[in-house]
**Q** 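A single structure is presented below for examination.
Indexing begins at 1, ligand by ligand and atom by atom, following the structure's order. In what follows, every heavy atom counts, from backbone to side chain, and hydrogens, waters and symmetry copies are set aside.
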Amino acid sequence: MSTLINLLADTVVDPPPGMRRAMYEAELGDDVMCADPTMNSLQERTARVLGVDAALFMASGTMSNLVAVLAHCSYGDEVIVGDQAHMFHSERGGSAVIGGTTLRTVPTAADGTLPIAALHDAVRDPSNIHHPPTGLICLENTHLRCGGAVLDPSYMAAVRALADDAGVPVHLDGARLFNAAIALGAPPRDLVREVDSVSLSFTKGLGAPIGSMLCGSEAFIAAARRWRKAVGGGMRHPGILAAAALYALDHMVDRLAEDHTTARLLADGLVEIVGLSLAQPCVQTNIVVVDVTGTGLTAAAFVARAKEAGVLCGAVGQSQVRFATHYPIERADIEEAVASVRGASGHRHRLSHANGSR
Ligand SMILES: *Cc1c(COP(=O)(O)O)cnc(C)c1O
């Protein structure tokens with residue numbers, strides 16, 4: 001058996017040498033005083049790429065999403081979020097714990113959208129004093145738990161129309177926004193026209209060690225800067241991190257297309273294995289989720305066997321397993337990974353074959 005192939009997540013990327021060099025050489029200053037030139041240039045550049053007024057660096061995607069809720073909402077507001085959203089499942093309930101908002105979930109469709117009719121029903125009537133007022137609608141693109149599904153611009157426009165009617169702002173968790181842009185063949189700015197704020201991550205497939213960006217209007221970012229300070233996110237010399245993110249924008253974004261190619265290759269290989277089926281409508285970006293029920297193994301047991309065979313992947317619930325492709329995984333790694341997983345999941349298959357019952 002050769003080395004471990006790590007497909008557990010797209011966060012496992014080791015910062016490439018050029019990125020480390022850029023960090024070493026970064027020009028620095030105190031960013032709480034807005035005097036870090038590298039950070040200022042990253043924030044300006046990100047805002048330009050997204051076609052928004054302003055952008056503010058955050059320590060993590062979780063911090064970006066929390067600060068977005070804090071900046072958009074008042075204490076006691078209700079935030080509408082998908083029942084499969086990262087903001088709902090994986091951010092420790094921060095918007096409630098710290099933000100004093102309640103979360104109202106809407107069932108997430110398999111394609112990552114929150115159906116317009118369900119959103120419509122979830123928005124509160126502001127004249128009814130019994131209800132918590134709706135403060136924000138949150139979407140996710142690409143959608144992690146929906147296997148990296150991409151929200152298309154026409155859906156975003158429909159949400160915008162509904163939000164305008166309701167007078168409610170829209171926040172987009174765009175941790176993998178660049179993946180969505182590449183999958184759609186559209187510039188990233190086309191994916192955020194319809195939202196009031198967007199968070200994106202430099203640590204998902206882009207290889208930066210730390211960093212996320214919250215983007216929006218001048219007034220929104222001014223409020224976000226105050227909230228960031230309140231949650232301990234004011235940073236002194238973060239230009240060293242901004243240099244990594246700038247390197248990511250220059251060198252790591254376009255290559256995400258390769259991750260989409262290797263993900264499709266991986267999916268094609270995995271579904272050929274007896275007992276495995278694709279657990280998502282299709283593979284649009286860098287995430288592949290398979291259902292392992294047909295192998296007779298639980299997801300956790302499957303993951304343990306795959307690890308023994310040299311492939312790291314992650315259990316999602318009892319019956320699904322997630323793989324993510326990322327730098328510097330390439331075609332040969334995928335071929336090797338598929339062969340290893342085939343060996344690891346083939347126990348039952350081999351037994352039945354030996355019994356002549358295949
Ligand atoms: C990873 C992730 C986040 C949070 O980012 P962290 O930097 O890990 O806090 C938010 N949303 C989605 C969809 C993610 O995948």
**Q** Where do Gly18 and Tyr247 come nearest, in terms of heavy atoms and distance?
**A** C-CE1, 3.4 Å
**Q** Kindly tell me which protein residues have any non-hydrogen atom under 4.0 angstrom away from an atom of ligand 1, grouped by chain and ordered by number?
**A** Ser60, Gly61, Thr62, Asn65, His86, Glu91, Glu140, Leu144, Asp173, Ala175, Arg176, Lys204
**Q** Any side-chain hydrogen bond (donor to acceptor under 3.5 Å, both in side chains) pairs touching residues 169-182, not counting sequence neighbours?
**A** Asp10-Arg176, Asn65-His171, Asn65-Asp173, His171-Ser197, Asn179-His260
**Q** Quick one: does Asp53's side chain have a donor or acceptor within less than 3.5 Å of a partner on Ser217's backbone?
**A** no
**Q** Starting from Met63 and following side-chain heavy-atom contacts under 4.5 Å between hydrophobic residues (I, L, V, M, F, W, Y), which residues can be reached?
**A** Leu56, Met58, Leu66, Val67, Leu70, Val97, Ile98, Leu214, Phe220, Ile221, Trp227, Val231
**Q** Test of understanding: with salt bridge (charged side-chain N to carboxylate O under 4.0 Å, His left out), list the residues that count as partners of Arg236, not counting sequence neighbours.
**A** Asp30
**Q** Do Val338 and Val311 have side chains that approach each other closer than 4.5 Å (heavy atoms only, starting at C-beta)?
**A** no
